[in-house]
There are 2 protein chains.
Amino acid sequence: MRRSTHTETKTRPAPCLEESAFLEMSRTTDLLSRRVSLLLRTEELSSTQYNVLRILRGVQEGLPCGEIGSRMITRDPDITRLLDRLEKRSLISRCRETKDRRMVMARITPEGLQLLSRMDEPVREAHHAQLGHLGREHLKALIGLLQTARAEVV
Amino acid sequence: MRRSTHTETKTRPAPCLEESAFLEMSRTTDLLSRRVSLLLRTEELSSTQYNVLRILRGVQEGLPCGEIGSRMITRDPDITRLLDRLEKRSLISRCRETKDRRMVMARITPEGLQLLSRMDEPVREAHHAQLGHLGREHLKALIGLLQTARAEVV
DNA sequence: TGACAATATTCGTTATAACGGATATATTTA
DNA sequence: TAAATATATCCGTTATAACGAATATTGTCA
């Protein structure tokens, strides 16, 4: 036991449950992400880029740049450059919308889809290896709690 | 209902529970972090820097640089520069250990402690506002699951 | 003592996130 | 039509993460 309980309570307040939950979440996400990042590096992809590609895979019609930005709280000019980099590698394509010609739709290309599908199996394996020990019930409980947590965040 | 079920199953495999759990975790951490990042910005602190300061607050004796690095999987040279920036602002101090003179101990300074304590209340409020609706029982369950998840990660 | 290992540093590089500001284009509305 | 708005872009800036390579200092061990 430490002798300096007195000063410690002054400098380091006892964490409340909400804070602990956040810390646990950060640590766990961090730890689990490491393995995925290693996988991504083999394809020279940042996790932001991977993220965008997966979002676009979910939407065959494509998404306007602004929509992508709002899903990640990134400023418009930076989304443009992010998409620039992906387009240069032919992983996405852009074309101006015919209806509202202000908008530019970003779509994932066949190359992009291929890249993603190359990653699918290893990524899934990584997650299975890292979280499989929890078992179905615990996993479901965890997912449910996280969804609940996010549902009411302002 | 979409017509292209056929192609979709090919391009986007149904997510397994482990993968969903990871995604939920990432999204939630991401969402919750935004508010904290805004707070940190008022002190011109990156979340990595905040992280290091909090680690050091927990260890009055200080930590060797390498130890800090291993807690965050960052290469040694980059830790050095990270600490450089913090030292320049007098938030930490460094001094060579007398026993093993290869090691340099990093300690948080009174200024660093002050800064942290300025953040404590707002950070806690942010977490409370964002996660308080879960209630004690759910929070405890969440914390427990996350710890279990991390316990066996290789 | 001499060879090796451990620790931290310095230096240089590249890519990117994040920000501010301005501009081009197209749409909507007064 | 003219003004205001929305969308995306271009430009430049700074700070930093991430990587490789080399060096200095100290400790350990044959």
Side-chain angles (χ1 to χ4, degrees), chain A residues 26 30 33-53 56 61-89 91-107, chain B residues 26 30 33-53 56 61-89 91-107:
Chain A
S26 307
D30 204 54
S33 301
R34 280 174 199 163
R35 192 145 156 187
V36 180
S37 295
L38 286 183
L39 283 175
L40 293 182
R41 195 171 310 154
T42 67
E43 299 281 356
E44 314 218 31
L45 218 55
S46 77
S47 63
T48 315
Q49 294 173 334
Y50 182 59
N51 213 345
V52 169
L53 289 182
L56 289 180
E61 324 83 77
L63 279 182
C65 299
E67 246 299 295
I68 301 175
S70 70
R71 296 202 191 187
M72 339 196 311
I73 307 261
T74 304
R75 286 160 33 82
D76 275 356
D78 298 321
I79 290 290
T80 297
R81 286 201 257 216
L82 177 55
L83 294 180
D84 284 348
R85 293 188 278 268
L86 290 174
E87 192 177 25
K88 195 179 296 172
R89 292 170 61 182
L91 298 175
I92 65 151
S93 66
R94 284 187 276 199
C95 67
R96 198 161 284 278
E97 191 63 3
T98 43
K99 288 186 178 180
D100 186 338
R101 291 185 40 74
R102 285 172 302 184
M103 292 199 282
V104 172
M105 290 303 234
R107 283 196 195 77
Chain B
S26 306
D30 203 55
S33 301
R34 280 174 200 162
R35 191 145 156 187
V36 180
S37 296
L38 286 182
L39 284 175
L40 294 182
R41 196 172 309 155
T42 67
E43 298 282 356
E44 314 219 30
L45 217 55
S46 77
S47 62
T48 316
Q49 292 173 335
Y50 182 60
N51 213 344
V52 169
L53 290 182
L56 289 179
E61 323 83 77
L63 278 183
C65 299
E67 246 300 296
I68 301 174
S70 70
R71 294 202 193 187
M72 339 197 311
I73 306 261
T74 303
R75 287 159 32 82
D76 275 356
D78 298 320
I79 290 290
T80 297
R81 288 200 255 216
L82 178 55
L83 294 180
D84 284 347
R85 293 188 278 267
L86 290 173
E87 191 176 26
K88 196 178 295 173
R89 292 171 61 183
L91 299 175
I92 66 150
S93 66
R94 283 188 276 198
C95 68
R96 199 160 284 277
E97 190 63 4
T98 43
K99 289 185 179 182
D100 185 340
R101 290 185 41 75
R102 285 173 301 183
M103 293 199 282
V104 173
M105 290 305 235
R107 283 195 195 76

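To find a chain, count down the sequence lines: A is the first, B the second, and so on, and within it residues start at 1.
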Pick the nucleotide of DNA chain D nearest each of L82(B) and D84(A); which residue has the one closer to the 5' end? D84(A)
What nucleic acid atoms does P64(A) come within less than 4.0 Å of, heavy atoms only: base, sugar-phosphate, or nothing? sugar-phosphate
Please examine the side chains of R102(B) and P64(B), heavy atoms only from C-beta on, and report whether any two atoms are closer than 4.5 Å. no
For D76(A) and dT25(C), give me the distance from atom CG to atom P, rounded to whole Å. 18 Å
Nearest 0.5 Å, what's the CZ-OG1 distance between R81(A) and T74(A)? 13.0 Å
By the 4.0 Å heavy-atom rule, please label E44(B) as base, sugar-phosphate, or nothing. nothing
Which nucleotide, dA26(C), dG20(C), dT13(C), lies nearest any side-chain atom of R75(A)? dG20(C)
Rounding to 0.5 Å, atoms CG (L39(A)) and CG (L45(A)) come to a distance of 11.5 Å
For Q49(A) and R96(A), find the nucleotide of DNA chain C closest to each by heavy atoms; which residue's nucleotide sits nearer the 5' end? Q49(A)
Separation of dA8(C) atom P from D78(B) atom CG, nearest Å, is 14 Å
To the nearest 0.5 Å, what is the distance between CG (L86(A)) and CG (L82(A))? 5.5 Å
Would you grab the first and last nucleotide of DNA chain D (5' to 3') that comes under 4.0 Å of any non-hydrogen atom in chain B? dT16(D) to dG27(D)
With rounding to the nearest 0.5 Å, note down the distance linking OG1 in T48(A) to CG in L40(A). 10.0 Å
